[in-house]
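Reviewing the structure listed below.
No experiment lies behind these values; they were computed from the predicted model shown. Note that these values count all heavy atoms, side chains included, but never hydrogens, waters or copies made by symmetry.
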Amino acid sequence: MVLPRATHLLRVLTPNSESVAVRVPAHPTVLRLVALLGAPLATTSANISGEREAVTAEEVQAVLGERVPLILDDGRCPGGIASTVIDVAADPPRILRRGALGDEVEAFLQALQR
């Protein structure tokens, strides 16, 4: 979800934007890591904006290479496609990238507008 940036959020996380994208992963390994840390993770997407989504660690490595210090490899992205991205800072909210839950999110947004 893309949300308006909270004023207490470090500017380094959103240097050129008044919005921030947050995600709740469905992957059990990442959920366990977040639970063990007791805090959210500030991470980059696994692709370059506007480019094809990477769904394996090998694809991430090919695209991002040395730009990221760590790639967590626990197999192919569940569902085989990237996540759906929704901009809830927009009025009305809109889908920015149709992904694994695209149909469900679109149905929800349509129900909100009724």
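Residues passing the side-chain hydrogen bond (donor to acceptor under 3.5 Å, both in side chains) test with D74, sequence neighbours excluded: T29. Qualifying side-chain hydrogen bond (donor to acceptor under 3.5 Å, both in side chains) partners for T14, counting only residues two or more places apart in sequence or in other chains: none. Applying the side chain to side chain contact (heavy atoms under 4.5 Å, CB included) rule to A57 yields the partners I71, D73; only residues at least two apart in sequence or on another chain are considered.
Linking Ile, Leu, Val, Met, Phe, Trp and Tyr residues whenever their side-chain heavy atoms come within less than 4.5 Å leaves V85 and V24 in two separate clusters. Hydrophobic cluster membership is shared by M1 and L112, with clusters built from Ile, Leu, Val, Met, Phe, Trp and Tyr side chains linked at under 4.5 angstrom. Side-chain heavy atoms closer than 4.5 Å link hydrophobic residues (I, L, V, M, F, W, Y) into clusters, and following such links, even through other members, never connects L31 to L37. Side-chain heavy atoms closer than 4.5 Å link hydrophobic residues (I, L, V, M, F, W, Y) into clusters, and following such links, even through other members, never connects L41 to V68.
In this structure, P4 and V20 approach most closely via the heavy-atom pair O-CG1, 4.3 Å. The shortest non-hydrogen separation linking L13 to A42 is CD2-CB, 3.6 Å.
Sorted by first and then second residue, the salt bridge (Lys or Arg N to Asp or Glu O under 4.0 Å) pairs involving residues 24-37 (not counting sequence neighbours) form an empty list. Applying the salt bridge (Lys or Arg N to Asp or Glu O under 4.0 Å) definition to pairs two or more places apart or across chains, those involving residues 6-17 are R11-E18.
Between the CD atom in E59 and the CD atom in E51 there is a gap of 12.5 Å [rounded to 0.5 Å].
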### Message
Apply side-chain contact (heavy atoms from CB on, under 4.5 Å) to residues Q61 and E66 and explain how you reach the verdict.
### Response
CA-CA 8 Å; Q61 179 66 43; E66 300 300 317; 4.2 Å; yes
Can I get a per-line list of side-chain donor-acceptor pairs under 3.5 Å for residues 87-103, giving both atom names and the distance, sequence neighbours left out?
residue	atom	partner	partner atom	Å
D87	OD1	A89	N	2.8
D87	OD1	A90	N	3.2
R97	NE	S83	O	3.0
R97	NH2	S83	O	3.1
R97	NH2	S83	OG	3.2
R98	NH1	E106	OE1	3.2
R98	NH2	D103	OD1	2.6
R98	NH2	E106	OE1	2.8

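Between I86 and L109, some side-chain heavy-atom pair lies under the 4.5 Å cut-off.
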